[in-house]
Amino acid sequence: VGLLIASQLLLGYPQYVWLSLLTLAAYVVWRAVVVGVPWPRLTIVGLVVVLGILTAAVQWVPTLDALSNSTRETADAEFVNSGALHPLNLVQLVGPYLFSTRVVGQNTHELGLYAGAVPLVLCVWLFSQRGRLGQFRQIARAATALGGVSLLLAFGNTGGLYRLQQLVPFANHFRFPCRAIVLVQLSIAVVAAIAVALLTSGGEQNEAAQRRARRTLGSVFALSVFLAISAPLLWPEFVASSILVWCGPLLVGAAALLVWLAQQRVVGAVALLAVLTAVDLSCYGLSYSVWPHTTELDPFIATVPQPPTGPGTRIAVDESDQLRTGNAMLLAGAVRIDGYAGLEPRKQLDPTSKAARQRAGAQFVLLPSSAGKSATPRWQPVAPTAPRVRLAARTVSIDATSDLSDLGLDTVALDKRVELSDKPAGLARVIRDAPGYLEVAYHAPARQILATTESHHSGWTTTLDGQRRPTIAVDGDFVGCIVEPGAHRVVFRFAPRSLRLGKWLSFCGLGLLLFTFALETRRRTVASP
């Protein structure tokens, strides 16, 4: 459990950690209250969770640091509710290909609720056989309750429960409530597994149980057929082709037939259920994420809008829905000044303003095309634009300057004005430029400001000829420092304290986790006969 929590955090999925913790807490309460396991025996679960979280500190401590400096910190309720599952998406369960994008809301990747025809039909069949649950009754009830609560969470504010999550620190920054779908599908899997256990148990079945099964299986198949017939009339603008629409009834019908045959003890029926599940979910997933979207790397790069000056060009994108296009541009060698981050840093300058783009070193801006995505991209040059590093001979207070576009690039805005001489700006050039490391050589006739196009963060450190110097925010958003006259070298390194703290906590957590595992293994070995 500890390693699971740690791996989710290390992979950068804190929202799934939150969902895992909710599920684990519910499981512990169920074990204690329903099953009757003594609370002291369950404390080990809390211990390993804490150690797992501690082990992943190298990821989540810097993430909290980034959150505190991002626009997400002040996100409103509308933002965190974005990506909620529309209740109409429930039709996916019996009509996976009903809509042209498979989901209501266009975002198939996030909103895909379909868990397979066989698991759904098994869950429905088990409901008709609830009198036979026996030892599985409590776990079936718990899984059903988890699925219901998770579905309400996935509905976002529509379901009501998501409003309670917004009262929880840190968890109130998560958007896409639909990600609780993972718990809905977990619940379906658990209930379906119980159904398979009953199908293969070999117990006696009375005629009443068989009648209930026939009616239930027939009802779910009839519902799928009804949706296939009525959907083109109810939602003609969203419905897929007829072939895809009728895939739903075909899959549900096949699953219902196999479940019925398995109940009749027909040899091979259970094995065919497993085969149908594998084929069904493989076709569903691969047809969405792989089959229609694969291409060779070079042809793909050739379709990506590329700036006129080729690879290495610093660019900006002037349209929010071009974010993924901007990611693809990195493959073509372009450098985006705004990046693509879930925790978008707060800026003092308007990132879309000409002044911000100039001082970030953007050479071109990709403009939205009025002729559609297939049209030739329009590139707007940015001139003048700042080089990667430069020396500035004059300063102004950023508080007193609302529009930096009136300033030349040899003048920078600082939080506090620094008095400089009237001598012209010197020269600076990059010696080495790597992620988190920027080495600069310069020659200045007097005390001046060394400015870069690197985004400012408190984690940047500066050394001048090996001696520590204060790092300053130039133009509000960029890394810089005050330099002395003469020829010198300056090195900027990104080494935030949050990363160092996270490393030490991770080492401690991993050590304690391994020690706890070894101690528990030894205890079990000694206790065994």
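Computed from a predicted model, the values in this text were never measured in an experiment. Along the sequence shown, the residues carry numbers beginning at 1.
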task: Kindly determine whether Q165 and W18 satisfy side chain to side chain donor-acceptor pair (under 3.5 Å), including the steps that lead there.
output: CA-CA 10 Å; Q165 180 175 306; W18 164 248; 2.8 Å; yes
- line: Value for CG (L281) from CG (L286), rounded to nearest 0.5 Å, stands at 10.5 Å
query: Is a donor on one side and an acceptor on the other found under 3.5 Å between the side chain of R130 and the backbone of F127?
result: yes
- prompt: Backbone N or O of L113 within a donor-acceptor pair of the Q185 side chain at under 3.5 Å?
  reply: yes
- request: Answer whether the closest heavy-atom distance between the side chains of P14 and F174 falls below 4.5 Å.
  value: yes
- prompt: For the residue pair Y13 and Y16, does the interplanar ring angle fall in the parallel (under 30°), tilted (30 to 60°) or perpendicular (over 60°) class?
  reply: perpendicular
query: For the residue pair Y288 and T108, what are the closest heavy atoms and their distance?
result: CE1-CB, 3.6 Å
field: Whether R179 side chain and Q15 backbone form a donor-acceptor pair below 3.5 Å
entry: no
message: Would you say OH of Y437 has more than 12 non-hydrogen atoms from neighbouring residues, nucleotides or ligands within 6.0 angstrom?
response: yes
- prompt: Are any side-chain N or O atoms of T471 and backbone N or O atoms of W460, one a donor and one an acceptor, separated by less than 3.5 Å?
  reply: yes
task: Starting from the C-alpha separation in whole Å, work towards a yes-or-no answer on side chain to side chain donor-acceptor pair (under 3.5 Å) for Q363 and R314.
output: CA-CA 6 Å; Q363 297 168 267; R314 293 178 67 85; over 6 Å; no
message: Assess the residue pair V479 and I472 against the criterion (side-chain contact (heavy atoms from CB on, under 4.5 Å)); give the C-alpha distance rounded to whole Å, side-chain angles, the decisive distance to 0.1 Å, and a yes or no.
response: CA-CA 6 Å; V479 172; I472 61 175; over 6 Å; no
- request: Specify the closest pair of heavy atoms between A316 and I337, including all atoms of both residues, with the distance to one decimal.
  value: CB-CD1, 3.8 Å
- request: Run the numbers on T144 and V191 for side-chain contact (heavy atoms from CB on, under 4.5 Å), then give the verdict.
  value: CA-CA 7 Å; T144 302; V191 175; 4.1 Å; yes
task: State yes or no: are the ring centers of Y284 and Y114 separated by less than 6.0 Å?
output: yes
message: Pairing donors with acceptors under 3.5 angstrom, does anything connect the side chains of T461 and R493?
response: no
message: Do F99 and V103 make a side-chain contact, defined as non-hydrogen atoms from C-beta onward lying under 4.5 Å apart?
response: no
field: I243, CD1: over 12 other non-hydrogen atoms inside 6.0 angstrom
entry: no
Distance-minimising heavy-atom pair for R359 and T453: O-CG2, 3.5 Å
message: Does N157 form a side chain to side chain donor-acceptor pair (under 3.5 Å) with Q166? I'd like the steps, not just the answer.
response: CA-CA 10 Å; N157 290 341; Q166 294 172 26; 3.1 Å; yes
field: Salt-bridge criterion met for K347 and D477 (N-O under 4.0 Å)
entry: no
- line: d(L499 CG, D65 CG) to nearest 0.5 Å is 9.5 Å
task: Would you give the length of the straight line joining atom CG of L513 to atom OG1 of T55, rounded to the nearest 0.5 angstrom?
output: 5.0 Å
- prompt: Would you say V118 and D280 make side-chain contact, with heavy atoms under 4.5 Å?
  reply: no
- request: Kindly determine whether N89 and Q92 satisfy side chain to side chain donor-acceptor pair (under 3.5 Å), including the steps that lead there.
  value: CA-CA 6 Å; N89 278 297; Q92 292 181 48; 2.8 Å; yes
message: When you measure from the side chain of E110 to the backbone of A84, do you find a donor-acceptor pair of N or O atoms at a distance under 3.5 Å?
response: no
- prompt: Does the side chain of L343 reach to within under 4.5 Å of the side chain of T63, using non-hydrogen atoms?
  reply: yes
field: CZ (R497) with more than 12 external heavy atoms under 6.0 Å
entry: no
- prompt: Roughly how far apart are R141 CZ and Q138 CD, rounded to 0.5 Å?
  reply: 5.5 Å
V196 and its side-chain contact (heavy atoms from CB on, under 4.5 Å) partner, picked from L273, L126, L122: L122
L186 side chain reached by T23 side chain, heavy atoms, under 4.5 Å: yes
query: Counting only N and O atoms by type, is there a donor-acceptor contact under 3.5 Å from the side chain of S70 to the main-chain atoms of P345?
result: no
field: Under 3.5 Å: donor-acceptor pair, side chain of T385, backbone of V382
entry: no
message: Quick check against the 3.5 Å criterion: does S100 have a side-chain atom that pairs as donor or acceptor with the backbone of V239?
response: no
task: Could you walk me through whether L151 and I181 pass the side-chain contact (heavy atoms from CB on, under 4.5 Å) test, one step at a time?
output: CA-CA 7 Å; L151 194 60; I181 286 173; over 6 Å; no
field: Interatomic distance, F478 atom CZ to S455 atom OG [nearest 0.5 angstrom]
entry: 6.5 Å
- prompt: Given I194 and I139, is the side-chain contact (heavy atoms from CB on, under 4.5 Å) satisfied, shown in steps?
  reply: CA-CA 9 Å; I194 296 172; I139 186 65; 3.6 Å; yes
query: Between P87 and T158, which heavy-atom pair has the shortest distance, and what is it?
result: CG-CG2, 4.3 Å
task: Spell out, as yes or no, whether a donor-acceptor pair under 3.5 Å connects the side chain of S224 to the backbone of V252.
output: no
task: Flag the pair L227 / L234 as yes when at least one side-chain heavy-atom distance between them is below 4.5 Å, and no otherwise.
output: no
query: Parallel, tilted or perpendicular for W379 and F364, by the 30°/60° rule?
result: perpendicular
query: Is the backbone N or O of V58 less than 3.5 Å from a side-chain atom of S506, with the two atoms forming a donor-acceptor pair by type?
result: yes
message: Quick check for you: to the nearest 0.5 Å, what is the distance between L407 atom CG and D475 atom CG?
response: 8.0 Å
- request: For residues S397 and L414, determine if any side-chain heavy atom of one lies less than 4.5 Å from a side-chain heavy atom of the other.
  value: no
task: Please name the pair of heavy atoms, one in P62 and one in S498, separated by the smallest distance, quoted to 0.1 Å.
output: CA-OG, 3.6 Å
statement: Between S150 and L183 the two heavy atoms that sit nearest each other are OG-CB, 3.1 Å
- prompt: Going by heavy atoms in the side chains, are L111 and C178 under 4.5 Å from each other?
  reply: yes
